[in-house]
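To start, the structure under review is shown below, and the notes come after it.
We use all heavy atoms of the structure for the numbers below, so side chains are in, but hydrogens, waters and symmetry mates are not.
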Amino acid sequence: MISVIIPTYREPEVLDLCLKSCIEGQTNRNEIIVVVDGFYEENKEVLYKYQDDISVLDLKQNQGLARATNLGVYNASNDLILIVNDDNVFPLEWDTRLESQYRPGAVYTPNQIEPTPSIFSQFVIKNFGRTPEDFDLNSFRQFEISNSKMKQSIEGSTLPIFMSKKDYLRVGGWDESYPGSWVVDCEFFMKCNLNEIGSIRLYNIAFYHFVSIGTKTQERMQESSIKEQQCHHYFLYKWGGFMKRDPQTNQVLV
């Protein structure tokens, strides 16, 4: 059994599709923890809709993605955990397909399908919809199954994250001292590698990712840009160099 951790903020439309695909797509009845990182009222209708299938961790006020993710993991009942963004769509039989590939001592990254070109060359580019309203769930499911391959590579380092809760805690989870959500996930994979927890990408399964679906005002975009720069400089302060990626493996380097 798997404990799924889904941090969410204020995008109830994507959360609705995320939960629908998660629940419909599972073979077993897994633990699904939705961590509401503030703005509970905006998500209340969706949470009520799936109340029989999920557990809700209400943080009352916004505490940031790193804190929300860690608290979700701390509350997980199973040792196998799957951390998923709320703007992801689950494929069919996602749980048994992940479990069939799992071996201890590794962090696994299911591949992703995105509607627009990505910095990650391993991603599959196929547009099944740019918003939940126009998303073609059935076509995505059919394509995802037909495109799957029994293949693994050492090119992990992106969400979703599938691994042992013990290994997650052993490397300290996500660093909550960053001023925003940027860089934190990249640093997490670097810490895994430093602790000899290999990063493995799975090609027998793929999640859909909408990519920057939230509508931002110019003010919010400017604020995000400032926060991102602050995160990169905090990484510099902490590790003594700016974050870099190996272009071949996606591994995070200093």
Quick one: does any side-chain atom of N147 pair with a main-chain N or O of F143 as donor and acceptor, under 3.5 Å?
no

So that I know where these two stand, are Y178 and F235 an aromatic pair - ring centroids less than 6.0 Å apart?
no

Applying salt bridge (charged side-chain N to carboxylate O under 4.0 Å, His left out), which residue pairs with at least one partner in residues 88-111 are found, sequence neighbours left out?
R97-E144

Does E196 have more than 12 heavy atoms from other residues, nucleotides or ligands lying within 6.0 Å of its CD?
no

With sequence neighbours excluded, tell me which residues meet side-chain hydrogen bond (donor to acceptor under 3.5 Å, both in side chains) with N111.
R201

Classify the angle between the aromatic ring planes of Y102 and F162 as parallel (below 30°), tilted (30 to 60°) or perpendicular (above 60°).
perpendicular

Do T69 and V35 have side chains that get closer than 4.5 Å, going by heavy atoms?
no

Got C186 and S157 here, is their nearest side-chain heavy-atom distance under 4.5 Å?
no

According to ring-ring contact (aromatic ring centres under 6.0 Å, His included), who are the partners of H232, at least two apart in sequence or on a separate chain?
none

Could you check whether any side-chain N or O of Q51 sits under 3.5 Å from a backbone N or O of V56, counting only pairs where one atom can act as donor and the other as acceptor?
no

Could you tell me which residues satisfy ring-ring contact (aromatic ring centres under 6.0 Å, His included) with Y203, sequence neighbours excluded, listed by chain and number?
none

Below 4.5 Å, heavy atoms only, C-beta onward: do Q26 and I32 meet side chain to side chain?
yes

Might you point out which heavy atoms bring W94 and P91 nearest each other, and give the distance in Å?
CD1-O, 3.3 Å

Take atom CD of E45 as the centre, draw a 6.0 Å sphere, and report whether it contains more than 12 heavy atoms from other residues, nucleotides or ligands.
no

Please evaluate residues R130 and T116 with respect to the criterion side chain to side chain contact (heavy atoms under 4.5 Å, CB included), reporting the C-alpha separation (whole Å), side-chain torsions for both, the decisive distance (0.1 Å), and the verdict.
CA-CA 9 Å; R130 300 295 300 274; T116 55; 3.7 Å; yes

Under the salt bridge (charged side-chain N to carboxylate O under 4.0 Å, His left out) test, residues paired with E41 that sit two or more places apart
K44

For residues 17-40, the salt bridge (charged side-chain N to carboxylate O under 4.0 Å, His left out) pairs (sequence neighbours left out) are K20-E24, E24-R141, R29-D53

Residue pairs, two or more places apart or on separate chains, that pass salt bridge (charged side-chain N to carboxylate O under 4.0 Å, His left out) and touch residues 156-167:
D79-K166, D167-R170

In one Ile/Leu/Val/Met/Phe/Trp/Tyr side-chain cluster, 4.5 Å: W239, V171:
yes

Is there a side-chain contact between M163 and I81 (heavy atoms, below 4.5 Å)?
yes

Could you label the plane-to-plane angle of the F128 and F135 rings as parallel, tilted or perpendicular, counting under 30° as parallel and over 60° as perpendicular?
perpendicular

Dump the intermediate steps for side chain to side chain contact (heavy atoms under 4.5 Å, CB included) on C22 and I54, then the final yes or no.
CA-CA 10 Å; C22 177; I54 65 174; over 6 Å; no

Between the main-chain N or O of P12 and the side-chain N or O of D16, is there a donor-acceptor pair closer than 3.5 Å?
no

Taking the side chain from W182 and the backbone from Q229, do they hold a donor-acceptor pair closer than 3.5 Å?
no

Given side chains that start at C-beta, do those of E133 and E13 come closer than 4.5 Å, heavy atoms only?
yes

Is a side-chain N or O of N30 found less than 3.5 angstrom from the main chain of I2, in a donor-acceptor match?
yes

Could you state whether L169 and M190 fall into the same hydrophobic cluster, counting links through intermediate Ile, Leu, Val, Met, Phe, Trp or Tyr residues with side-chain heavy atoms under 4.5 angstrom apart?
yes

Holding to salt bridge (charged side-chain N to carboxylate O under 4.0 Å, His left out), I want the full list of residues that pass it with E42, two or more places apart in sequence or in another chain.
R10

Would you check if the side chain of D175 reaches a backbone N or O of S177 as a donor-acceptor pair within less than 3.5 Å?
yes

Which pairs, with at least one residue in residues 35-62 and sequence neighbours excluded, count as a ring pair (Phe, Tyr, Trp, His ring centres under 6.0 Å)?
Y9-F39

Should F123 and I161 be regarded as members of a common hydrophobic cluster, given that ILVMFWY residues are connected when their side-chain heavy atoms come within less than 4.5 Å of each other, either directly or indirectly?
no

Closest non-hydrogen atoms of P110 and P160, given as atom of the first, atom of the second and distance, are CD-O, 3.4 Å

Would you call the rings of Y208 and F210 parallel, tilted or perpendicular if under 30° counts as parallel and over 60° as perpendicular?
perpendicular

Indicate, with yes or no, if M150 and I113 share a hydrophobic cluster defined by side-chain heavy-atom contacts under 4.5 Å among Ile, Leu, Val, Met, Phe, Trp and Tyr.
no

With the 4.5 Å side-chain cut-off for hydrophobic clustering, are V184 and Y237 part of the same group?
yes

Which pairs with one or both residues in residues 54-86 pass ring pair (Phe, Tyr, Trp, His ring centres under 6.0 Å), sequence neighbours excluded?
none

Would you call the rings of H233 and F242 parallel, tilted or perpendicular if under 30° counts as parallel and over 60° as perpendicular?
perpendicular

Salt bridge (charged side-chain N to carboxylate O under 4.0 Å, His left out) partners of residues 225-234, not counting sequence neighbours, each pair once
none

Contacts of D136 that satisfy salt bridge (charged side-chain N to carboxylate O under 4.0 Å, His left out) - sequence neighbours left out:
none

Within 6.0 angstrom of K238 NZ, more than 12 heavy atoms from elsewhere
yes

Within the 4.5 Å heavy-atom criterion, are Y168 and C192 side-chain neighbours or not?
no

